[in-house]
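Presented below is the structure to which this report refers.
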Amino acid sequence: YSAKRQTSGPLVYDPSIDLSSAQTLSLMSELRLAVGEGQLRLFLQPKLALDSGKVMGAETLVRWQHPVRGMVPPMQFIPFAEQTGFIRTITMWVFEEAARHWRRLHSEGLRITLSVNLSTRDLLDPELPQKFDSLLVKHSVPAEAFCLEITESAIMDDPQRAQATLDRLSALGFKLSIDDFGTGYSSLAYLKRLPVDELKIDKSFVLSMEKDADDAKIVRSTIDLAHNLGLSVVAEGVENAKVWDMLRDLNCDQAQGFHMGRPMAASEFTDWSVSWTARHRGSDGESRTML
Ligand code: C2E
Ligand code: MG
Ligand code: MG
Ligand code: MG
């Protein structure tokens with residue numbers, strides 16, 4: 001394995017490969033280099049309020065600008081980073097970059113929340129809340145500016161330790177979201193006990209809700225569950241206007257998807273936001289008929 005020999009094809013971690021194999025060590029050193037040499041990129045994808053069309057926030061999504069392979073999507077290196085524990089380094093990079101961008105976007109007039117994805121390994125790091133807090137101080141950003149997205153499986157991996165970390169993050173002021181909701185095995189008892197603010201309905205249900213009545217029912221029930229628990233609910237994977245309308249009629253709070261905005265370089269976000277607002281909210285800031 002080397003970057004030269006394999007210029008295409010996924011970098012995905014193959015569980016059959018020994019973690020001490022030459023291929024793994026090579027990918028590991030490439031990934032270390034990626035952080036050291038500044039090859040990681042932070043992309044932002046907008047989150048919109050369904051009732052008003054207002055830009056509420058953005059999810060931070062990492063990419064690897066590889067010198068040979070080009071833009072590598074996260075699914076080709078995040079699972080590997082999770083296996084090896086290197087995800088902790090990536091998470092710190094993402095969070096600091098997100099803090100920098102939030103400060104810049106704020107100075108450009110944007111009042112939004114940035115969502116950052118956390119992995120199991122992050123939740124098992126008892127020092128994570130303290131590390132995040134130090135970065136907030138360093139960049140003078142409030143914890144309330146961030147929503148941390150955690151999957152059900154990351155929580156259920158070690159519920160006690162996850163809860164301890166999440167309690168501390170919540171006490172610092174971070175908002176918390178359950179990502180890919182409906183695909184894992186979280187128990188409703190945990191949902192009740194954890195300091196969660198938001199549920200994010202997995203895109204597998206949202207993508208097909210216009211054609212599949214069962215998926216539409218799952219989406220509807222999840223929205224009701226969230227609201228009954230006092231949580232905000234976001235649908236990811238909105239690819240057309242029909243789904244946007246269905247979600248709005250079901251009282252879903254926010255939507256994220258290719259129909260409104262794809263993940264974009266963080267430097268493009270302000271322009272995108274200004275032009276979205278001009279197209280969909282009128283000069284008086286009032287919402288117009290959507291899309
Ligand atoms: P996720 O956290 O569930 O992020 C949402 C994914 O859905 C993103 O894929 C986004 O581009 C995609 N998506 C959004 N709207 C649509 C749509 O309308 N249609 C379709 N087909 N897809 C849509 P992406 O950027 O490839 O990221 C994939 C996953 O990689 C993320 O899923 C997350 O689990 C992981 N990931 C990405 N960035 C990070 C990161 O910084 N840290 C960690 N730990 N994981 C990350
Ligand atoms: Mg996410
Ligand atoms: Mg998700
Ligand atoms: Mg997902």
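Counting starts at 1 for both ligands and their atoms, in listed order.
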### Query
What's the atom name of the N, O or S in E236 nearest to the Mg ion (ligand 3)?
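Of the nitrogen, oxygen and sulfur atoms in E236, the Mg ion (ligand 3) lies nearest to OE1.
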Please determine if [X] has a nitrogen or oxygen closer than 3.5 Å to a nitrogen or oxygen of ligand 1.
X: E82; value: no
X: L118; value: no
X: D122; value: no
X: K203; value: yes
X: T91; value: no
X: D179; value: yes

### Task
Quick one: sort the F95 and F146 rings into parallel, tilted or perpendicular, breaks at 30° and 60°.
tilted
### Task
May I ask you to decide if the ring planes of W276 and W272 are parallel, tilted or perpendicular, using 30° and 60° as cut-offs?
parallel
### Task
Give, rounded to 10 degrees, the angle between OD1 (N117) and OE1 (E149) as seen from the Mg ion (ligand 2).
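The OD1/OE1 angle about the Mg ion (ligand 2) sits at 90°.
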Lys/Arg N to Asp/Glu carboxylate O, [X] vs [Y], below 4.0 Å:
X: E127; Y: R168; answer: no
X: R41; Y: E97; answer: no
X: E268; Y: R262; answer: no

For ligand 1, which atoms, with element, lie under 4.0 Å from some heavy atom of [X]?
X: M75; answer: 28 (C), 29 (C), 30 (O)
X: Q45; answer: 10 (C), 14 (C), 15 (N)
X: V238; answer: 18 (O)
X: E236; answer: 3 (O), 5 (C)
X: V94; answer: 41 (O)
X: S119; answer: 44 (N)
X: I87; answer: 44 (N)

Test item: side-chain donor near acceptor, [X] and [Y], under 3.5 Å:
X: E198; Y: S177; value: yes
X: Q45; Y: Q256; value: yes
X: T151; Y: D180; value: no

### Message
Only to 10 degrees, please: what angle do the OD1 atom of D180 and the OD1 atom of D179 make about the Mg ion (ligand 3)?
### Response
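Taking the Mg ion (ligand 3) as the apex, I get 90° for this pair.
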### Query
Is there a side-chain contact between M209 and L247 (heavy atoms, below 4.5 Å)?
yes
### Query
Hey, looking at atom 26 (O) of ligand 1, which of A98, A255, P74, P263 has the closest heavy atom?
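Of the listed residues, P74 has the closest heavy atom.
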#### Entry: Heteroatom N/O/S of E59 within less than 2.8 Å of the Mg ion (ligand 3)
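Checking E59: none of its N, O or S atoms is under 2.8 Å.
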### Task
Identify which one of L250, V233, D214 satisfies the side-chain contact (heavy atoms from CB on, under 4.5 Å) criterion when paired with V219.
L250
### Query
Is there a chain of hydrophobic side chains (I, L, V, M, F, W, Y, each step under 4.5 Å between heavy atoms) that links W102 to M264?
yes
## Note on the structure
Residue set satisfying salt bridge (charged side-chain N to carboxylate O under 4.0 Å, His left out) with D125, at least two apart, ordered chain then number -> K131
### Message
Just to check, does E59 reach to within less than 4.0 Å of ligand 1 when the distance is taken from its heavy atoms?
### Response
yes
### Message
Tell me which pairs pass ring-ring contact (aromatic ring centres under 6.0 Å, His included) where either residue lies in residues 25-50, with sequence neighbours left out.
### Response
none
### Query
Does T151 bring an N, O or S atom to under 2.8 Å of the Mg ion (ligand 2)?
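T151 does not place any N, O or S atom closer than 2.8 Å to the Mg ion (ligand 2).
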#### Entry: R63 contact mode with ligand 1 (heavy-atom cut-off under 4.0 Å)
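Answer for R63: side chain.
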